[in-house]
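Since we're looking at a predicted model, the values are computed, not measured. One-based numbering, in listed order, for ligands and for the atoms of each.
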Amino acid sequence: MDVREFEIPGVKLVIPKRFGDHRGFFSETWSDRAFRQQVADIGFVQDNHSLSAQKGTLRGLHFQKPPSAQGKLVRVVRGAVFDVAVDIRHGSPTFGRHVSVVLDAREGAQLWIPPGFLHGFCTLEDDTEFLYKVTGYYSAADDAGVAWDDPDLGIDWPVDEATAVLSDKDRKHPRLRDLPPIFAYEA
Ligand SMILES: Cc1cn([C@H]2C[C@H](O)[C@@H](COP(=O)(O)OP(=O)(O)O[C@H]3O[C@H](C)C(=O)[C@H](O)[C@H]3O)O2)c(=O)[nH]c1=O
């Protein structure tokens, strides 16, 4: 697999190899050994799968508070998304800065988002299916978020307030500046 860095150290684009033939393709989408050697020395405990029926569905910006913090390895198996990770580790040189990337089923690229980051995506096609592995179990009590349209984050979403398809929960998150320090940065 090919692994690429971003301006925010730790976030990585992971592109598994695809073996194509007349039938289609085969790809190892995750290997514990390869992930630990090439991306991050961390294990996964839960797989998630979401379907977003409408183009313009925006889920985010989410995180789980410690001790339920999650790293996420995300990918698209149908359709396409504009995916975003925001560094919220206090003391980080890139605090409040984000990485954005288009992930689609055609390429099969994955994004590794370490614990300490917000995550969200906006679908670019109808019927987009999003799969991801997480390093910590779901905890409703620790589930939290930041406003997707927080002006301090400067995220150039492909939708606006009028066109985004949002859950009620995602309409009510606070701005990042209104959150107390939650994640500490470890250089
Ligand atoms: C995340 C999660 C949710 N749920 C239940 C809780 C709700 O009854 C229902 C929908 O949950 P929610 O509206 O939080 O789903 P999303 O808006 O897709 O949230 C996810 O979207 C963004 C992009 C993320 O990165 C997170 O993984 C996650 O927050 O599934 C579970 O039972 N287990 C889980 O791990």
Side-chain angles (χ1 to χ4, degrees), residues 6 8 10-14 29-30 35 39-40 42-89 94 96-105 108-150 153 155-161 163-176 178-179 182-183:
F6 291 92
I8 300 179
V11 182
K12 296 182 182 177
L13 191 69
V14 179
T29 53
W30 171 75
F35 188 85
V39 183
I42 194 167
F44 295 96
V45 297
Q46 180 179 306
D47 279 350
N48 297 332
H49 180 176
S50 69
L51 165 67
S52 300
Q54 283 181 275
K55 175 181 177 181
T57 298
L58 194 153
R59 298 174 186 252
L61 291 163
H62 301 161
F63 70 100
Q64 290 197 167
K65 294 176 284 193
S68 307
Q70 296 173 317
K72 300 169 186 173
L73 179 63
V74 306
R75 67 191 178 108
V76 173
V77 293
R78 182 165 54 148
V81 305
F82 175 81
D83 204 83
V84 176
V86 183
D87 185 357
I88 60 167
R89 299 167 298 174
T94 52
R97 287 181 50 194
H98 70 276
V99 164
S100 63
V101 62
V102 173
L103 301 175
D104 64 36
Q110 307 173 5
L111 190 65
W112 163 243
I113 303 149
F117 284 72
L118 304 174
H119 176 242
F121 66 84
C122 179
T123 62
L124 301 174
E125 297 178 18
D126 289 343
D127 296 324
T128 286
E129 296 202 55
F130 192 82
L131 270 60
Y132 51 117
K133 308 179 84 70
V134 294
T135 63
Y137 293 108
Y138 174 63
S139 164
D142 294 319
D143 194 29
V146 167
W148 65 276
D149 55 351
D150 184 333
L153 302 183
I155 300 169
D156 188 19
W157 294 105
V159 290
D160 57 26
E161 180 61 37
T163 56
V165 178
L166 297 161
S167 65
D168 290 343
K169 177 180 75 169
D170 285 349
R171 295 183 185 280
K172 301 170 188 168
H173 297 307
R175 290 176 61 168
L176 181 56
D178 297 327
L179 280 187
I182 296 169
F183 295 98

Look at atom 32 (O) of ligand 1 and find which of Tyr138, Phe117, Phe63, Phe130 reaches it with the closest heavy atom.
Tyr138
Just jot down the ligand 1 atoms closer than 4.0 angstrom to any heavy atom of [X], in number order.
{"X": "His119", "answer": "23 (C), 24 (C), 25 (O)"}
{"X": "Lys169", "answer": "12 (P), 13 (O), 14 (O)"}
{"X": "Phe121", "answer": "23 (C)"}

Protein heavy atom under 4.0 Å of [atom]:
{"atom": "atom 26 (C) of ligand 1", "answer": "yes"}
{"atom": "atom 11 (O) of ligand 1", "answer": "no"}
{"atom": "atom 8 (O) of ligand 1", "answer": "no"}
{"atom": "atom 30 (O) of ligand 1", "answer": "no"}
{"atom": "atom 20 (C) of ligand 1", "answer": "yes"}

How close does the nearest protein non-hydrogen atom get to [atom], and which residue and atom is it?
{"atom": "atom 35 (O) of ligand 1", "value": "Gln46 NE2, 3.0 Å"}
{"atom": "atom 17 (O) of ligand 1", "value": "His62 CE1, 3.3 Å"}
{"atom": "atom 24 (C) of ligand 1", "value": "Lys72 NZ, 3.6 Å"}
{"atom": "atom 18 (O) of ligand 1", "value": "Arg59 NH1, 2.8 Å"}

Among Leu103, Val76, Val99, which one satisfies side-chain contact (heavy atoms from CB on, under 4.5 Å) with Asp83?
Leu103
side-chain contact (heavy atoms from CB on, under 4.5 Å) partner of Leu61, chosen from Ile155, Asp150, Asp170
Ile155
Non-hydrogen atom of Gln70 closer than 4.0 Å to ligand 1:
no
May I ask whether Tyr132 has any heavy atom positioned less than 4.0 angstrom from an atom of ligand 1?
yes
Give me the atom names and distance for the closest heavy-atom approach of Asp142 to Ser68.
OD2-OG, 2.5 Å
